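Notes follow once the structure below has been shown.
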There are 2 protein chains.
Amino acid sequence: MSVKRKAPTLNDVARQAGVSTATVSRCLNFPDQVTAKTRETVMSAVRKLAYSPNFGARVMAVNRTNTIGAIIPTMENAIFARGLQAFQEELRRHGYTLLVASSSYRADIEEEQIRSMVSRGADGLLLIGHERDPAIYRFLETQDVPALVAWSHDCTKSLPSIGFDNRKSMRALAEKVIEMGHRRMAVISAAMKTNDRASLRVHGIRDAMNSAGLDPAELPIIETTYSIDAGAQAFDQLLAAPVPPTAVICGNDVLAVGAIKQARALGLDVPGDVSVTGFDDIELATIVEPALTTVHVPHRDMGTRSASMLIGLVEKKCIGEAIELEADVRLRGSLAPPRA
Amino acid sequence: MSVKRKAPTLNDVARQAGVSTATVSRCLNFPDQVTAKTRETVMSAVRKLAYSPNFGARVMAVNRTNTIGAIIPTMENAIFARGLQAFQEELRRHGYTLLVASSSYRADIEEEQIRSMVSRGADGLLLIGHERDPAIYRFLETQDVPALVAWSHDCTKSLPSIGFDNRKSMRALAEKVIEMGHRRMAVISAAMKTNDRASLRVHGIRDAMNSAGLDPAELPIIETTYSIDAGAQAFDQLLAAPVPPTAVICGNDVLAVGAIKQARALGLDVPGDVSVTGFDDIELATIVEPALTTVHVPHRDMGTRSASMLIGLVEKKCIGEAIELEADVRLRGSLAPPRA
DNA sequence: TTGTAAGCGTTATCAA
DNA sequence: TTGATAACGCTTACAA
């Protein structure tokens, strides 16, 4: 029987206060356009009725929500947490509210969520990575909702973005690995079809191999989901090869931690028996033993600057550009030269 | 200067398709109330214009959003991540969308976000912990927006809730610690004033001390923020005491990991020189060396059941009750008897 | 099956 | 300073 008791409206407040709805509205939005006396009457009516404005109605009237939507692939691990936190803080400073949705790395869910956010009147959108159906970009275009891509820098794409060059950074890391003397490497990556960060990182590894005279075709790659367990399982599989790798390069820290965990379970010493590297430099990286050699991503900086830029786009105060941040290699205990 | 190009409306679609807005609306919401032919015309117009319904307008018309809001204290660490993921999955299964906001453990921000979510038409709200200004509960009451409290069970509160008894669980853990022979314990907790989970957990420790004939007044407690660094710092401080504790009980796993990290830095052996315990049993707990003795919280179960119950409340298909889940102690390497 | 038109709760323009 | 009133874009009786 769903007896939805109606919440008080502007009208109720107006009646209660003996003024017009216009006055109440002004009182709420531009308090100084109203006499102190009326203001008091109105405010006490507001309190008495516990009035709360209807967002939908306001949006319809002003066509502006002061809301930014962010759609991230996952909340389950910390990959995006710190950056998002900084993003939110900066938005708040500018009077914007952040709404977050997570797509579980699924393109269909992400698309649904993009539409949902737009439909809900998000003034702008933060998206992760460039890879998605072009139709969705056209959609955003038509809806005139600016979107900013983060966590990835790619100057060939037209969308404004702020991130680092996944390929270049991973290449730098792979070069270190090779420099140390490793020749038999293997990779644990996220699915590369749908995740441009993942595929760019693998490309970076191949780049490094090429310029070191190694054959990228011989690089074993396991694609899996981003989870510690998945990383552990993949590691197990790689090490079971007839000629196991001396270094396992992981697509991110979560996978790398899984790899280290599994190494421990197999009684292997890291980095004595096998080196392991990650990507992201999340908190986990320095907690695990040995600490992870990884690529440090400027999470907070990226979050803060994404917020400023997106706000600029929303308020048409700046044009979208592709900004590249530096992501540098952090050498830690998990990487060492292979045993002679 | 801010030339906000208008997004296409139902009207535009109707005109494009040569039908009335009512028909378009029906076509979108009840496709089978419309001839196949009209449906096609309309749909192609929809596609052509890249039409996306205006959520605010729809909400105003039907007074229902199929949206659930969740306000969590933090996204920075994994405490709520897994539970929230399960929560979201269950909501999706029932056709609801989840919107998340994070309050950074600040009551004022949380209140702002509650109002914002309500204002945006959230059909129901998921909140963490019972402790907040009673006014906000009255507000939710007036607005007729059901709220469910999770991560905490307290049958003295009237609000529907689904969680575990923080006090009882922590008491069980503290009893284990005492059983092992520890007499000099210390606590690292989150701020207890504003966080009922934190204060209940400390109460649990005191309960255990009382029934073991120890004086709770002698228990050193450091209150700090939930972060690894904060945990490390607090640990440092505790161990600097003239008579340092043999066991440090932490309010959650994140603090405990910080403690272990700092122990390592101080050259102390865990659990040889000092035992450390956590609470939550997040992934981190089994990654750190030694693995954390902690209280296992049924994250996913809690998330899933919260979703069902909240949907039930929203659809007035069930009444709110306070459900208690079990959170049990997991003994791992970080806890051992004190040195003789 | 389709169209007409009222109403949802705001804001903003214009008069008073 | 205040009050009428017309939008805003959608759903849904009710009529055709």
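Remember, it's a predicted structure, so these values are computed and weren't measured experimentally. In what follows, every chain begins at residue 1, and chains take the letters A, B, ... in the order their sequences are listed.
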Next on the checklist: With a 4.0 Å limit, can you tell me whether Thr35(B) has a side-chain N or O closer than that to the phosphate oxygens OP1/OP2 of dT2(C)?
Outcome noted: yes
Check your understanding: Counting only N and O atoms by type, is there a donor-acceptor contact under 3.5 Å from the side chain of Thr9(B) to the main-chain atoms of Asn11(B)?
Key -> yes
Per nearest nucleotide of DNA chain C, the residue lying toward the 5' end, Val34(B) or Ala57(B), is Val34(B)
Smallest heavy-atom separation, Arg39(B) atom then Pro31(B) atom, equals NH1-O, 2.6 Å
Between Arg39(B) and Met60(B), the residue closer to the 5' end of DNA chain C by nearest nucleotide is Arg39(B)
Would you say the side-chain atoms of Asn63(B) and Arg58(B) include a donor-acceptor pair closer than 3.5 Å?
no
Side-chain atoms of Phe30(B) come closest, of dT12(D), dT10(C), dA4(D), to dT12(D)
Respond yes when some side-chain nitrogen or oxygen of Asn29(A) is under 4.0 Å from OP1 or OP2 of dT11(C), and no when none is. yes
Atom CG of Asn11(A) and atom P of dG3(D) are separated, to the nearest Å, by 13 Å
Regarding the side chain of Ser20(A), the nearest nucleotide among dA4(D), dA5(C), dT5(D) is dA4(D)
note: Asp12(B), atom CG; dC8(D), atom P; distance rounded to Å ~ 11 Å
If the cut-off is 4.0 Å, is Thr38(B) near the phosphate of dT2(C), judged by side-chain N/O to OP1 or OP2?
yes
From CG of Asn54(A) across to P of dG9(D) the rounded distance in Å is 16 Å
Taken to the nearest whole Å, CZ/Arg26(A) to C1'/dT1(D) is 8 Å
> Taking OP1 and OP2 of dT10(C), is either one under 4.0 Å from a side-chain nitrogen or oxygen of Thr21(A)?
Replying inline: no
For Ser25(B), report the nucleic acid contact type (base, sugar-phosphate, nothing); a contact means any heavy atom under 4.0 Å. base
Atom CG of Asn63(B) and atom C1' of dC10(D) are separated, to the nearest Å, by 13 Å
Arg15(B) atom CZ is separated from dG3(C) atom C1', nearest whole Å, by 16 Å
Counting any heavy atom closer than 4.0 Å, what does Val59(B) reach on the DNA or RNA strands: base, sugar-phosphate only, or nothing? nothing
Check your understanding: Distance-only, no hydrogens or angles: does the Asn66(A) side chain make a donor-acceptor pair with backbone N or O of Tyr96(A) under 3.5 Å?
Key -> no
| task | With side-chain contact (heavy atoms from CB on, under 4.5 Å) as the test, would you mind laying out the steps for Asn195(B) and Tyr226(B) before giving the verdict? | result | CA-CA 11 Å; Asn195(B) 183 329; Tyr226(B) 272 156; 4.2 Å; yes
Between CD of Gln33(A) and P of dT13(C) the distance, given in whole Å, is 11 Å
ask   = At under 4.0 Å between heavy atoms, what does Phe55(B) touch on the DNA or RNA strands: base, sugar-phosphate, or nothing?
value = nothing
Does Thr23(A) make a side-chain N or O approach to OP1 or OP2 of dG3(D) shorter than 4.0 Å?
yes
Leu10(B) CG to dA6(C) P, in whole Å, measures 18 Å
